[in-house]
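These notes are about the structure you will find just below.
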Amino acid sequence: MSSYTVINPATAERVTDIELASEAETDALIERASRSFPAWRDVAPGERARLLRRFATVVDDHLDELAELEVLNSGHTLGNARWEAGNVRDVLNYYSATPERLFGRQIPVPGGVDLTFHEPLGVVGVIVPWNFPMPIAGWGFAPALAAGNTVVLKPAELTPLTALRLAELAIEAGIPEGVLTVIPGAGPVVGKRFITHPLVRKVCFTGSTAVGKSIMAGCADQVKRCTLELGGKSANVIFADADLEKAAASAPYAVFDNAGQDCCARSRILVQDSVYEQFLALLEPAVKNLRVLSPQDPASEMGPLISARQQLRVQGFLDGVEIAYTGSHPDGAGFWMPPTVVLAESTRQRIWQEEIFGPVVAVLPFSDEAEAIELANDTVYGLSGSIFTSDLGRGLRVSRAIQAGNLSVNSHSSVRYWTPFGGFKQSGLGRELGPDAPYAFTEEKNVFIADQ
Ligand code: NAD
């Protein structure tokens with residue numbers, strides 16, 4: 001296959017065809033990125049900062065265009081897509097402060113002076129999934145470029161359009177040729193080459209846990225650095241003392257945003273048994289009133305699934321499970337599914353254990369705090385989660401006890417570019433975003449200078 005037909009998920013219509021890079025083309029672009037590295041590394045810190053800020057401004061100037069492209073390619077709601085393009089701008093601005101602040105240390109030692117340096121790695125390979133094409137690309141390339149690396153980036157086969165446009169905007173902003181290269185292609189061709197090509201010094205992978213494991217194993221061969229952001233099965237834990245109206249009103253957005261195709265989706269709701277029926281009654285109108293509309297409609301809160309294949313996969317999870325109630329969805333072509341609430345009967349069910357990556361949430365009662373923690377942790381994943389309670393002490397205790405990288409109390413915030421993001425257990429390895437992210441794209445070098 002040398003080209004891929006991009007489909008609009010809301011209408012099932014063809015958008016365009018994109019050429020897929022071959023292995024030889026990938027090698028040539030990796031080699032160009034490697035040749036571009038020394039000059040980019042040596043750009044004066046203030047100048048590199050200025051170029052990144054200019055890139056952010058150019059992204060902002062094209063925010064509407066990028067958002068519309070994402071609506072067309074990914075079926076994201078217009079509101080989400082605008083936020084996503086804005087996130088790329090904000091992340092570039094945030095890491096534009098890095099080049100001038102990539103401090104080393106002076107460490108007291110006898111006999112001389114000891115200094116540390118954070119040196120860029122060289123070429124960094126960023127592999128992006130289809131669920132959030134723009135933000136996930138930016139979380140990789142912005143800190144990597146800021147730290148002085150050049151980047152080759154592979155978008156998902158299904159969703160290459162915004163990444164390709166971002167690479168053009170980088171050039172428009174004055175970032176030199178070969179510094180940020182987007183290579184559309186198949187995972188087992190282009191993505192795999194990032195793992196096996198010796199000039200790629202780090203792989204920053206976001207995607208499924210299954211592929212992530214193969215990336216980690218492949219990187220071992222060259223002791224290649226890798227960061228993995230993988231799947232999730234996050235819990236939304238609601239205690240009897242919580243503001244139940246608030247918990248029920250926000251729960252649908254915590255799982256059905258992006259049609260549930262979100263690694264942080266709170267796809268397991270745990271409710272204390274004394275308020276279980278009351279919570280389910282409050283949740284029903286919140287789910288039924290969710291505005292599942294054409295993603296182009298500014299009022300839309302949920303769009304379609306990404307593909308016919310994903311729609312079939314998600315529907316497969318509903319075989320033999322008890323559906324409590326569903327929301328609505330538009331008629332006609334496109335890969336639509338209604339937001340769906342199912343009642344879990346056992347923690348061994350697929351619906352409770354596996355990442356569905358669609359608009360389906362399972363609800364289960366618990367008796368006390370200890371059982372809530374045990375159930376929340378009964379998963380191979382550990383990405384995020386929420387705790388609703390009016391007892392701040394309990395909020396803190398339960399947050400500390402849940403084995404996940406990103407918890408929020410009385411809210412569902414998880415990915416904020418100012419704070420570290422990543423998973424415990426099989427949800428990943430390493431952290432992205434936050435103040436320390438650029439260091440993950442450097443080697444720390446120690447230099448001792450004898451004083452005589
Ligand atoms: P995927 O693993 O199938 O693909 C992810 C990317 O890897 C794609 O670009 C794909 O082409 C590439 N790829 C596939 N096979 C490869 C190989 N052998 N070598 C190198 N690259 C390869 O995942 P997906 O279906 O695109 O995305 C959905 C998954 O991503 C979900 O499991 C979701 O939870 C996860 N995800 C995690 C996060 C996070 O931050 N933790 C964020 C978003 C998505």
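Remember, it's 1-based here, ligands and their atoms both numbered in the order they're listed. Reckoned from all heavy atoms, side chains included, excluding hydrogens, waters and symmetry mates. On a predicted model such as this, the values are computed, not experimentally measured, just so you know.
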*Ligand-residue contact atoms, ligand 1 with N131, heavy atoms, under 4.0 Å*: 43 (C), 44 (C)
_Proximity to ligand 1 by part of L383, non-hydrogen separation under 4.0 Å_ = side chain
*Can F132 be said to touch ligand 1, with heavy atoms closer than 4.0 Å?*
no
*Check the side chains of T162 and E70 for a donor-acceptor pair under 3.5 angstrom, ignoring hydrogens and angles.*
yes
*Run down the list T159, V211, T206 and name the one with the heavy atom closest to atom 5 (C) of ligand 1.*
T206
*What are the atoms of ligand 1, with element, lying closer than 4.0 Å to any heavy atom of K192?*
19 (N), 20 (C)
*Would you say ligand 1 has an N or O under 3.5 Å from any N or O of L230?*
yes
*asked:* As a check for students: among G185, A186, C263, identify the option with a heavy atom nearest to atom 39 (C) of ligand 1.
replied: C263
*asked:* Suppose I only count heavy atoms of V128 and a 4.0 Å limit; which atoms of ligand 1 are within that range?
replied: 6 (C), 8 (C), 9 (O)
*Checking R394 against F239: charged group under 6.0 Å from the ring centre and within 45 degrees of the axis?*
yes
*Taking heavy atoms and a distance under 4.0 Å, where does L158 meet ligand 1: side chain, backbone, both or neither?*
neither
_Non-hydrogen atom of G428 closer than 4.0 Å to ligand 1_ = no
*asked:* Is it the case that ligand 1 has an N or O less than 3.5 angstrom from some N or O of T209?
replied: no
*asked:* Using heavy-atom distances only, which candidate in F357, Y381, F205 approaches atom 28 (C) of ligand 1 most closely?
replied: F357
*How does I127 reach ligand 1, by side chain, by backbone, by both or by neither, if only non-hydrogen atoms under 4.0 Å count?*
side chain
_For Y439, give me all partners under ring-ring contact (aromatic ring centres under 6.0 Å, His included), at least two apart in sequence or on another chain._
H118
*Would you say the side-chain atoms of K425 and Q403 include a donor-acceptor pair closer than 3.5 Å?*
yes
_Which segment of E355 sits under 4.0 Å of ligand 1 when only heavy atoms are counted_ = side chain
*Over all heavy atoms of both residues, which pair between P9 and N73 is shortest? Give the atoms and the distance, please.*
CD-O, 3.4 Å
_Does this structure show an ion pair linking E345 with R348, if we count only N-O contacts that are shorter than 4.0 Å?_
no
_Any N or O of E157 closer than 3.5 Å to N or O of ligand 1_ = yes
*Is it the side chain, the backbone, both or neither of I136 that has a heavy atom closer than 4.0 Å to ligand 1?*
side chain
_Is the terminal nitrogen or CZ of K202 (NZ for Lys, CZ for Arg) located under 6.0 angstrom from the six-membered ring centre of F441 and within 45° of that ring's axis?_
yes
*Under 3.5 Å, is there a donor-acceptor pair between the S74 and T159 side chains?*
no
*So, are K288 and E284 salt-bridged, with charged N and O less than 4.0 Å apart?*
yes
Using a 3.5 Å cut-off and no angle test, enumerate the donor-acceptor pairs between side-chain atoms of residues 120-129 and protein atoms at least two apart in sequence or in another chain.
none

*Which of the listed options, G187, G207, P133, holds the heavy atom that is closest to atom 22 (C) of ligand 1?*
G187
*W139 and N87: side-chain donor and acceptor closer than 3.5 Å?*
yes
*asked:* Geometry only, no angles: is W130 polar-contacting ligand 1 at N/O separations under 3.5 Å?
replied: yes
_Under 3.5 Å donor-acceptor, R266 side chain and G385 backbone_ = yes
*F194 near ligand 1 by a heavy-atom separation under 4.0 Å*: no
*Looking at atom 32 (O) of ligand 1, is any protein heavy atom nearer than 4.0 Å to it?*
yes
